[in-house]
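See structure below.
Just so you know, residue 1 is the first one in the sequence shown, and it goes up from there. All values derive from a computational prediction rather than experimental measurement.
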Amino acid sequence: MAVIKMPVSRRRKAKGEQGSNPNRAGGEAPVKKRGACVLCDDGGDLICCDGGCRRSFHPTEEHGEDSMCATLGMPEEQWQKHVAQGDAALYTCKNCQYKQHQCFACGLLGSSDLASGPEVFQCKHQKCGHFYHPSCVAKLLNPDSNTRAILHEQHIAGGLEFECPMHQCKSCKEAENKDDKEMQFAVCRRCPTAYHRKCLPSDISFEEFEETGNPRRAWEKILHKQILIYCMKHEIQPELGTPMRDHIVFPDGRNPVASKRARGTPQERDILEEHEQLGRPSSSKPSQSPQLAEIGHHRMKPIDSFAPKHLFLHPQPGSCGWLDE
């Protein structure tokens with residue numbers, strides 16, 4: 001079943017807003033512990049991808065009103081058809097459909113098609129949906145040795161499985177234990193950074209301190225047995241309560257969040273075709289659009305890098321520079 005209901009962040013309620021309508025999906029959908037919407041990082045009624053990336057989205061504009069989410073822009077009628085299918089409903093996001101996924105370290109799209117020379121590879125952890133360029137993840141996993149990083153990169157590019165940094169505490173380097181509250185992970189929603197609850201830095205706070213201007217960066221009860229955080233590399237936007245929401249890119253090159261915020265209108269949205277929303281097989285293989293043909297490791301429109309300075313020799317063109325400067 002691709003429909004889930006997750007708690008709404010208290011961040012929204014603290015601003016005097018109401019949570020998502022609990023009757024939106026008729027109360028029929030079982031809860032899957034898939035977390036928050038990948039676009040806005042809030043809960044509510046979500047549709048989760050069955051294609052492998054394990055991400056969830058607010059499907060319609062109404063679902064995203066409380067969290068100011070760009071949403072998938074799915075028409076209400078098609079959303080209701082999807083819900084009516086119950087456990088048989090399937091949904092595949094554009095990234096999984098076209099096998100074009102973003103590297104969680106640098107943010108660039110790359111092919112994940114194992115049959116035609118992949119550029120990004122998925123973490124081997126069973127419940128992880130993150131993809132990485134071999135060079136990006138190898139440097140993250142071998143920060144103290146450039147030689148080991150180069151060798152590791154070659155092995156990953158050759159098919160060696162790896163476990164990404166999201167499954168190791170950045171502070172103590174130990175793994176997560178969901179059955180021990182202090183050993184549960186606090187995971188950053190913008191970059192491959194995770195801490196145990198007991199290791200969480202004090203400046204990543206569960207409260208907002210108006211007198212010092214330090215924003216809230218941590219929330220409980222949104223992710224299942226985990227803490228949702230934004231680490232110190234990401235600037236919190238006061239009007240959103242989150243960092244800038246320009247971090248998700250679909251394979252046709254459109255960014256629904258950036259497009260909506262910049263233009264003030266939902267002109268170009270990632271509205272899925274009906275057969276995709278209802279889990280029906282397409283009558284033919286989708287043809288590549290001109291935009292899709294431009295997608296690639298080097299020809300993608302630049303976005304701000306999430307990675308620290310030591311991963312790259314030069315900043316991404318068009319970015320704001322290095323986040324750790």
Margin query: Donor-acceptor pair, distance only, cut-off 3.5 Å: does the side chain of Arg217 make one with the backbone of Tyr230?
Written below: yes
Rounded to the nearest 0.5 Å, the SG atom of Cys106 sits from the CG atom of Leu140 at a distance of 10.0 Å
Exercise. Find out if a path of hydrophobic residues (ILVMFWY) with successive side-chain heavy-atom gaps under 4.5 Å connects Met183 to Leu223.
Key: no
Is it the case that the side chain of His58 and the backbone of Gly43 share a donor-acceptor pair, with hydrogens and angles ignored and the cut-off at 3.5 Å? yes
inquiry  = Donor-acceptor check, side chain of Gln122 to backbone of Gly52, threshold 3.5 angstrom: yes or no?
reply    = yes
Note to self: Please determine whether side chain to side chain contact (heavy atoms under 4.5 Å, CB included) holds for the pair Val137 and Phe121, giving the CA-CA distance in whole Å, both sets of side-chain angles, and the decisive distance to 0.1 Å.
What the structure shows: CA-CA 9 Å; Val137 73; Phe121 296 80; over 6 Å; no
Glu182 meets the side chain to side chain contact (heavy atoms under 4.5 Å, CB included) criterion, sequence neighbours left out, with Asp180, Arg197, Lys198
Is the backbone of Pro118 close enough, under 3.5 Å, to the side chain of Asp113 for a donor and an acceptor to pair up by distance? no
Do the ring planes of His101 and Phe131 sit parallel (below 30°), tilted (30 to 60°) or perpendicular (above 60°)?
-> parallel
Assess the residue pair Glu176 and Gln226 against the criterion (side chain to side chain contact (heavy atoms under 4.5 Å, CB included)); give the C-alpha distance rounded to whole Å, side-chain angles, the decisive distance to 0.1 Å, and a yes or no.
CA-CA 10 Å; Glu176 180 181 31; Gln226 287 186 331; 3.2 Å; yes
Side chain to side chain contact (heavy atoms under 4.5 Å, CB included) filter on His155, not counting sequence neighbours, yields Leu160
Taken to the nearest 0.5 Å, the spacing of Ser135 OG from Glu153 CD works out to 5.0 Å
* Asked: Are any side-chain N or O atoms of Gln168 and backbone N or O atoms of Glu174, one a donor and one an acceptor, separated by less than 3.5 Å?
  -> no
Notebook entry, point to check: Can you find a heavy atom in the side chain of Gln100 that is under 4.5 Å from one in the side chain of Ser111?
Noted result: yes
Test side chain to side chain contact (heavy atoms under 4.5 Å, CB included), reference Pro251, set Lys94, Gln102, Lys99, Gln97, output is Lys94
Here the pair of heavy atoms bringing Leu228 nearest to Ala36 is CD1-CB, 4.4 Å
- Task: Give the cluster check for Leu200 versus Met232: same hydrophobic cluster or not, with ILVMFWY residues linked at side-chain heavy-atom distances below 4.5 Å.
- Result: yes
- Message: Could you tell me if the side chain of Cys123 sits less than 4.5 Å from the side chain of Met166, heavy atoms only?
- Response: no
One should read off an interatomic distance between Leu46 CG and Cys40 SG, to the nearest 0.5 angstrom, of 8.0 Å
Result for side-chain hydrogen bond (donor to acceptor under 3.5 Å, both in side chains) between Asp41 and one of His247, Arg245, Arg189 points to Arg189
The reported gap from CG in Leu151 to OG1 in Thr147 (rounded to nearest 0.5 angstrom) is 7.0 Å
Can you check whether Lys225 reaches Asp179 side chain to side chain, under 4.5 Å on heavy atoms? yes
For Gly241 and Trp219 the tightest heavy-atom approach is O-CH2, 3.6 Å
Closest non-hydrogen atoms of Val187 and Ala194, given as atom of the first, atom of the second and distance, are CG1-CB, 4.2 Å
(message) Taking NZ in Lys181 as the centre, count heavy atoms belonging to other residues, nucleotides or ligands within less than 6.0 Å. Is the count above 12?
(response) no
Note to self: For Trp79 together with Tyr91, are the ring centres under 6.0 Å from each other?
What the structure shows: no
Handout entry: Student check: side-chain heavy atoms of Phe104 and Pro165 closer than 4.5 Å
Key = no
Q) Got Thr193 and Lys233 here, is their nearest side-chain heavy-atom distance under 4.5 Å? A) yes
Separation between OH (Tyr132) and OG (Ser112), nearest 0.5 Å, reads 14.5 Å
Separation between CZ (Phe250) and SG (Cys93), nearest 0.5 Å, reads 7.0 Å
- [ ] Determine whether Glu65 and Glu61 make a side-chain contact, defined as any pair of heavy atoms from C-beta on separated by less than 4.5 Å.
- [x] no
What one should report as the nearest heavy-atom pair of Ile47 and Pro59 is CG2-CB, 3.9 Å
Scanning both residues in full, the closest heavy-atom pair of Ala105 with Cys136 reads CB-CB, 3.8 Å
Minimal heavy-atom distance between Gly129 and Arg54, with the atoms involved, is N-CD, 4.2 Å
*Expected output: side-chain Asn95 to main-chain Val249 donor-acceptor under 3.5 Å*: yes
_Heavy-atom side-chain proximity of His196 to Ser171 below 4.5 angstrom_ = no
Q: Answer yes or no: are there more than 12 heavy-atom neighbours, outside Glu235 itself, under 6.0 Å from its atom CD?
A: no
### Task
Begin with the C-alpha distance, continue with both residues' side-chain angles, and end with the deciding distance and a verdict on side chain to side chain contact (heavy atoms under 4.5 Å, CB included) for Glu119 and Leu108.
CA-CA 10 Å; Glu119 297 172 296; Leu108 294 180; over 6 Å; no
The residue among His82, Glu76, Gln78 that forms side-chain hydrogen bond (donor to acceptor under 3.5 Å, both in side chains) with Gln80 is Glu76
Walk me through it: do Cys191 and Cys231 pass the test side chain to side chain contact (heavy atoms under 4.5 Å, CB included)?
CA-CA 8 Å; Cys191 69; Cys231 73; 3.5 Å; yes
Taking C-beta and beyond as the side chain, do Thr71 and Phe57 meet within less than 4.5 Å on heavy atoms?
-> no
